[in-house]
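A short worksheet on the structure shown next.
So you know, we letter chains A, B, ... as the sequences are listed, proteins then strands, and number each from 1.
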Amino acid sequence: MKTSKLFMFGSALLLLSLFVLPLWNITLEAPQYPEPLGLNIHINMLSDGNNPNDVKNIDLLNHYIGMQHLPVNMPEFKIFPIVILVMSLLGFIFGFVGKRALYLTWVVAMALLGLAGIYDFYQWLYEYGHNLDPNAILKFLDKSGNPMAYQPPVIGTKKLLNFTVHSYPSYGAYMMTLSMISAFVAFIKSGKEKE
Amino acid sequence: MKFLLKHIAIAFIISAGLLISACGSGGSGNSGALNKTAAEKVFVAPGEWDSHYAFVSGGFSGQLAVYGIPSGRLFKVIPVFSVDAEKAWGFNEETKPMLTTSHGFIPWDDSHHPDISQTKGELDGRWVFINANNTPRIARISLETFETEEIIEIPNSAGNHSSSFVTENTEYVVAGTRFSIPIPQRDMSIKEYKGNFKAALSFLKVDPETGHMNIDFQILMPGFDYDLSHPGRGKSHGWFFFSTYNTEEANTLLEVNASQNDKDFIAAINWKKAQEYVKAGKFKTMSAKYTHNIYENSTHSATSKMETSVRVLDASKLPGLVYLMPTPKSPHGCDVDPTGEYIVGSGKLSASLTVHSFTKMQQAIKDKNFDGEAYGIPILKFDATLAGTVQQPGLGPLHTEFDGRGNAYTTFFISSEVVKWKLGTWEVLDRKPTYYSVGHLMIPGGNSGKPFGKYMIAMNKITKDRYLPTGPEVCQSAQLFDISGDKMELLLDFPTVGEPHYAAGIPAEKIIKRSKKFFKLEENKHPYSVTSEAETKVVRDGKNVHIYMTMIRSHFSPDNIEGIKVGDRVYFHVTNLEQDYDVPHGLGVIGAKTSELLIMPGQTETMVWEPKKPGVWPFYCTDFCSALHQEMQGYIRVSPRNSKVKLSWSLDGE
């Protein structure tokens, strides 16, 4: 079998790891939390990032500043698994067909979907950080006198009250990147292979 | 005049000796930059952890204190045999059964000898056992929760001093009796003590999975006083050794009358033989009332059961079960070295230490090298078991522990010092003063097959001028020594809770991983627990009112309760809904005649409150839990007995 095909199958396979591994991790550090709180974001759910009960404990703290509970059900948790499944399936099909153009199409499609995903993530974070209970126990104002927002960064580190919030890709995102690289390698290799 | 001169000369020699030794230690202190100072050796930087745990008994406080070594910092006082209002121990409904005995509810005891469970002769860090001296009991403390999980009463015993020591696989934890008594108890003249009073040595089987104890058998012994004990180990595994005093069987002015015999005994009990006798049915079943109290982490509650009988083996009638080894002058400590070969008897009125050899003891038994008998129990010839004598090491030897490098360390109460000596050669290697009048000493694992011979702690009965004065009652203290070198080095002394009677130490890494962080709410099987605010309710059952309450940062649910009447018995069953480390909540209710509640995450506790006057009465959280802790409060309305106010409860009007 051609090496390029193997790489394309590899891509499709790697993508399936997203059903197990989290895409993103948000970690909250504070003096009282020597073991930081953590939130793992998967394609189909949110889970405790660093310790058992992290989701519950993040909600518990957030009620002081009027933030909503972390969602158990979001439309994304239904859509993302379908998208990933379809893309993985297409990856296998494209691998069988073995056309170079299809490989590139797959990479570009994945990249676009990834960007869309990150945009969606940003939207959710904005909503989560701004949609505050007007009866919140603690109400802080920002420098310009507006109610303070508690929006975590999409990527990077930010100080939110007593917490330092780190938001970074997790194992799933690395697997997805690897999957795209693998597909791109398939595209390059197939150019050098004789038909 | 001549007499006086002689004394001056002696004083001169002693002070010269002190001067020389002072110079010696001064010299070693200056021997180079590589030598750490004592301060550096005990300094545990803020945020750093100690390397060892020390579980120090509280003596007459009845509790067990947890210290870090080498810093000497106090972490926790675990309530065991005495009530503790801070932790609601013996005050809340869940723990009251733990302090129930055949004499009823007992709020205090005198806790003496903690011992850590062992596997294959090594400390395994699962449980600490500790004895109650006054109303004889043995407790088991979990080193997952650092809470007392079990207390069993010891029948036919009085002054349970020679316990609670464990065998090398924690097959047994052993209890003794300091007083001999009529067995079974009966009304008789005290003067008829001799020959009529008896003693019972108890062997409690420990379930290797749950740790649950039960009295497998008792050995009925002559009416001596049984002081301390230790298990054989290695080659002497299967034997247990008890020191005795008052073999005179005096019943009054014991300080004189029990100090007449030149030698008392160390009783060697063959417990494997005892097991055979039990198996062969050679025991008598005696009726005896004693409580067995177990605290379950799943229900967060204790139950107390009254046991009704015990199996008794009579040492006078069963050959090969017990042998007596003559040991000079009222031996106190009875300590077995890590190999199991040497049994050190500390004749507390003697100036020397007697060491018996297990191998020689076996030979003497084989050769029937006896020197008569006491109540049918063979007395082995003194010379036949003697391994050696440490000559004139100090005055008033009490206890010995071992460093695992062939050295022994013995405390001397009267001369107030610890003396290091060598097993086998019996030579004295070093001595250091203690401040003052040392009782026990402890080397982590120092009474197991594998001591961790880096630190030694001496526990002192008297401190006088060692600390800032605090009126007539001053603290007792523990002194930490570094014993890793040839000479012992005093590093630190620190005051303790109650009397630091004895301690058990263990490297921290054997415990920290297992230490529980919180109780899982879904595993809470308390009959009155609720796992969410939606389930909270108030239920009236005649004059009893049960409040199913929850607490979470930073409110109670419900926090407004009405419809309680004067004369009601109100049960606050409170569940802490938190599921995070170190977020306890407390409950205080005005006029409550019990203590506060202090409830760990996932736990349920119950306070009984009997309002006497109509009114609206407050309650609040007592443990500073959060930024809104001060807002964590509520009201309970109490109406007159004939009132028509309906039972209702709410949180935020809902």
query: How long is the span from the NE2 atom in A:H63 to the OG atom in B:S554, to the nearest 0.5 Å?
result: 6.0 Å

- prompt: Between A:E35 and chain B, which part of the residue has a heavy atom less than 4.5 Å away: side chain, backbone, both or neither?
  reply: side chain

query: Would you find more than 12 non-hydrogen atoms of other residues, nucleotides or ligands less than 6.0 Å from A:K189 atom NZ?
result: no

query: Can you find a pair of side-chain heavy atoms, one from A:N57 and one from B:R553, that are under 4.5 Å apart?
result: yes

message: Are there over 12 heavy-atom neighbours, none belonging to B:F624, within less than 6.0 Å of that residue's CZ?
response: yes

- prompt: Quick one: CG on A:L60 to CD on B:Q579, what's the gap to the nearest 0.5 Å?
  reply: 10.5 Å

message: Within the supplied structure, the quantity of interest is the number of heavy atoms (other residues, nucleotides, ligands) at a distance under 6.0 Å from A:K158 NZ; does it exceed 12?
response: yes

field: Side chain, backbone, both or neither of B:F518 within contact of chain A (heavy atoms, under 4.5 Å)
entry: side chain

task: Could you check if a side-chain atom of B:D580 sits within less than 4.5 angstrom of a side-chain atom of A:K56, using non-hydrogen atoms only?
output: no

query: Do other residues, nucleotides or ligands put more than 12 heavy atoms under 6.0 Å from the OH atom of A:Y122?
result: no

query: Would one find more than 12 heavy atoms of other residues, nucleotides or ligands at under 6.0 Å from atom OH of B:Y635?
result: no

task: Could you look at B:K517 and say if it's the side chain, the backbone, both or neither that has a heavy atom under 4.5 Å from chain A?
output: side chain

Residue selection (most heavy-atom pairs with chain B, distance under 4.5 Å) from A:D54, A:L61, A:N53: A:N53

query: Under 6.0 Å from the OH atom of A:Y168, do we count more than 12 heavy atoms belonging to anything else shown?
result: yes

